[in-house]
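To start, the structure under review is shown below, and the notes come after it.
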Amino acid sequence: MGKKTDKQVDKIYKYMKDFGSITQLDAIRDLGVMRLASRISEMRMSGIAIKKEMETGKNRYGEPTHYARYSLD
């Protein structure tokens, strides 16, 4: 991993410890991380157990959307 991604992984790990879970929207809005799934993959490869749950919501037009919520396992 590069320096920038290491910092992002640290932020994501701390966020999950502090708040219990993280979604892509949380990552963008709160951490400025655009590629959450990539960072989660790197975390898993380094041995961190992470659980993924799919959730359903609605977009601003009332259409159904699906997104992942990640938490430490």
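Just so you know, these numbers come straight off a predicted model, no measurement behind them.
Taking each heavy atom of M43 and I50 in turn, the nearest pair found is CB-CD1, 3.7 Å. Here the closest heavy-atom approach between residue Y70 and residue A37 is recorded as OH-CB, 4.1 Å.
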### Query
Could you go step by step and tell me if I48 and D73 meet the side chain to side chain contact (heavy atoms under 4.5 Å, CB included) rule?
CA-CA 8 Å; I48 299 170; D73 195 16; over 6 Å; no
### Message
Between T56 and T65, is the side chain to side chain contact (heavy atoms under 4.5 Å, CB included) condition met? List the steps.
### Response
CA-CA 6 Å; T56 302; T65 60; 6.0 Å; no
### Check against side chain to side chain contact (heavy atoms under 4.5 Å, CB included), L72 and K51
CA-CA 6 Å; L72 298 172; K51 181 172 60 170; over 6 Å; no
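D26 places a side-chain N or O within 3.5 Å of a backbone atom of T23 that can act as its donor or acceptor partner.
Here R35 contributes atom CZ and Q8 contributes atom CD; the two are 9.5 Å apart, rounded to the nearest 0.5 Å. Between atom OH of residue Y67 and atom CE of residue M54 there is a gap of 9.5 Å, rounded to the nearest 0.5 Å. Of the inter-residue distances, the one linking D18 atom CG with D30 atom CG reads 11.5 Å to the nearest 0.5 angstrom. Atom NZ of K52 and atom CD1 of I40 lie 10.0 Å apart (nearest 0.5 Å).
Summarising the local packing, CZ of R44 is surrounded by more than 12 heavy atoms from other residues, nucleotides or ligands at distances under 6.0 Å.
Taking 4.0 Å as the cut-off between side-chain N and carboxylate O, E53 and R69 do not count as a salt-bridged pair.
Considering only heavy atoms from C-beta on, V33 stays 4.5 Å or farther from I28 through its side chain.
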